[in-house]
Amino acid sequence: MPEPVVIATWPFGKLAADTALQLLAKGDPALDAALAGAQAIEDDPTVRSVGFGSLPDRIGRLTLDACVMDGKTLGCGAVAGVEHIRHPAALARRVMEKTPHIFLVGEAAKWFALQQGFPLEFPYTPEAIREWLDKHPDRKKEKPADDKPAAPLTYDSPVDEHNHDTVTVLARDLKGHLGGVCTTSGLAHKLPGRVGDSPIIGAGLYVDDLAGAAGATGVGEEIIRIGGSLFVVEQMRGGKGPQEACELACKRVNAAAGRRGVHPAAVAFIALDPKGAVGSACTARTNFKYAVARGGKTELMQAKEVPPDA
Ligand code: SD4
C-alpha cells in the first residue's frame with residue numbers, strides 16, 4: 001500500500017503537514033488532508049501571510065487567494081481577491097465541486113461563499129493592524145499634515161518582498177492519489193487588485209497523479225512568468241526527479257530575471273512525485289525551509305539554493 005506523504009512550505013507548514021498526515025493515516029483522500037492542513041494555517045492568527053490575521057494590502061484591505069487541485073481527476077478550483085472570508089481554500093474547493101468553473105474573483109467570489117453558507121468574518125487582528133500601520137506611518141495621523149490631502153496611491157512602489165509566506169500543501173494518500181492546496185494573503189502591502197501566483201492553477205500549484213504535484217511560494221510575479229508549478233510537474237512527467245525538477249524551475253526564474261537585467265526575486269518550489277519522493281529548491285538568499293511528514297513524524301528541511309550563475 002502506498003505510504004502517505006505530505007510536504008508543506010515554510011516552518012509553519014509543520015502544523016499543516018502534521019494535520020494532513022494524521023488524516024492520511026486514517027485513510028482520508030489526499031485533497032481532504034491537504035485542505036485540513038492548509039486550513040490549520042489559515043486559522044492561525046500568528047501567521048501574517050495566510051488567512052485570518054494576515055497583513056492587508058496597500059490601502060488596508062485584507063484579501064485572500066487560494067486554489068486546490070485533485071491529482072486523480074485534475075479537478076481544480078480557485079478564488080482570488082476575496083474579502084471577509086476566513087477559509088479561501090475551502091471556498092476554492094466549492095468552486096471546483098459546485099460550479100462548472102475553475103476561478104471566481106473578488107465580490108462575486110464572496111457572494112458565492114455566502115450562498116454556500118460560509119460566514120462573513122472580519123479577519124483583521126490588532127497585531128496585523130499594528131504591523132501594517134508601522135509600514136504606513138501617514139495613516140496613523142488623524143488628518144494629513146497641514147491639512148493637505150494625502151498623497152494618492154502610486155502604482156510603482158515596491159511591495160514587501162519579505163512577507164512571502166504562502167502555505168502550499170501537497171499530499172499523497174494511502175491509495176497513491178495526490179492532492180494539493182495553496183492559500184495566501186499574497187504579498188503584504190500589494191496594490192489593491194493585485195493577484196499573485198498562488199490561486200493560479202499551473203503557477204502556484206499543479207497536481208497530476210500521472211506526473212506529480214508541485215507548489216510555489218515567493219514573489220508571485222516571477223512564478224507566473226515561468227508557469228512555475230506546471231513547469232515542475234512537466235519536468236517530472238519527462239522523467240526528472242522532484243529535486244531536479246525544482247532546481248530546473250529556479251534556473252528558469254534566474255534566467256528570466258537575467259533577461260530583464262534584474263536580480264532574481266525570492267522564489268521557492270516544492271514537489272512530490274507519484275512514488276512519494278519529495279524535492280525542493282529556491283533562488284539565492286531565499287532561505288527557504290519546508291516540512292515533510294511521513295512515517296508518523298514531520299521534519300523541517302532546508303531547501304537547496306540555486307544561484308543565478310548555476
Ligand atoms: C504571491 N506567492 O501572492 C504569493 C506570496 C507568497 O509565498 O507569500 N508566497 O505572490
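Just so we're clear, the structure is a prediction, and the values are computed from it rather than from any experiment. One-based numbering, in listed order, for ligands and for the atoms of each.
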| Pairing of Arg194 and Asp57 as salt bridge, 4.0 angstrom limit | no

| message | Could you check whether any side-chain N or O of Arg172 sits under 3.5 Å from a backbone N or O of Glu3, counting only pairs where one atom can act as donor and the other as acceptor? | response | yes

| message | With a 4.0 Å cut-off on N to O distance, would you call Asp18 and Lys14 a salt bridge? | response | yes

| remark: ligand 1 atoms nearer than 4.0 angstrom to some heavy atom of Asp197 are 1 (C), 2 (N), 4 (C), 10 (O)

| said: Evaluate Gly186 for polar contact with ligand 1, using N/O atom pairs at a separation under 3.5 Å. | reply: no

| query | Where does the angle between the aromatic ring planes of Phe288 and Tyr290 fall among parallel (under 30°), tilted (30 to 60°) and perpendicular (over 60°)? | reply | parallel

| message | Before you tell me yes or no, could you show the steps for Arg260 and Glu222 under salt bridge (charged side-chain N to carboxylate O under 4.0 Å, His left out), namely the whole-Å CA-CA distance, both residues' side-chain angles and the distance that decides it to 0.1 Å? | response | CA-CA 11 Å; Arg260 288 178 303 125; Glu222 305 316 310; 2.6 Å; yes

| request: Return yes when Glu221 approaches ligand 1 closer than 4.0 angstrom through a heavy atom, no otherwise. | output: no

| query | Does at least one non-hydrogen atom of Ser49 fall below 4.0 angstrom from an atom of ligand 1? | reply | no

| said: Tell me the contacting part of Asp165 for ligand 1: side chain, backbone, both, or neither, using a 4.0 Å heavy-atom threshold, strictly below. | reply: backbone

| query | Numbering the atoms of ligand 1 from 1, which are under 4.0 Å from a heavy atom of Arg194? | reply | 1 (C), 3 (O), 10 (O)

| note | atom 4 (C) of ligand 1: of Gly196, Ser198, Ala266, the nearest heavy atom sits on Ser198

| Is Glu247 salt-bridged to Lys304, going by a charged N under 4.0 Å from an acidic O? | yes

| Location of contacts on Glu222 toward ligand 1, heavy atoms closer than 4.0 Å | neither

| message | Using a 3.5 Å cut-off on N or O atoms only, is Gly218 in polar contact with ligand 1? | response | yes

| said: Check whether Asp28 reaches the backbone of Asp32 with its side chain - one donor and one acceptor, N or O, closer than 3.5 Å. | reply: no

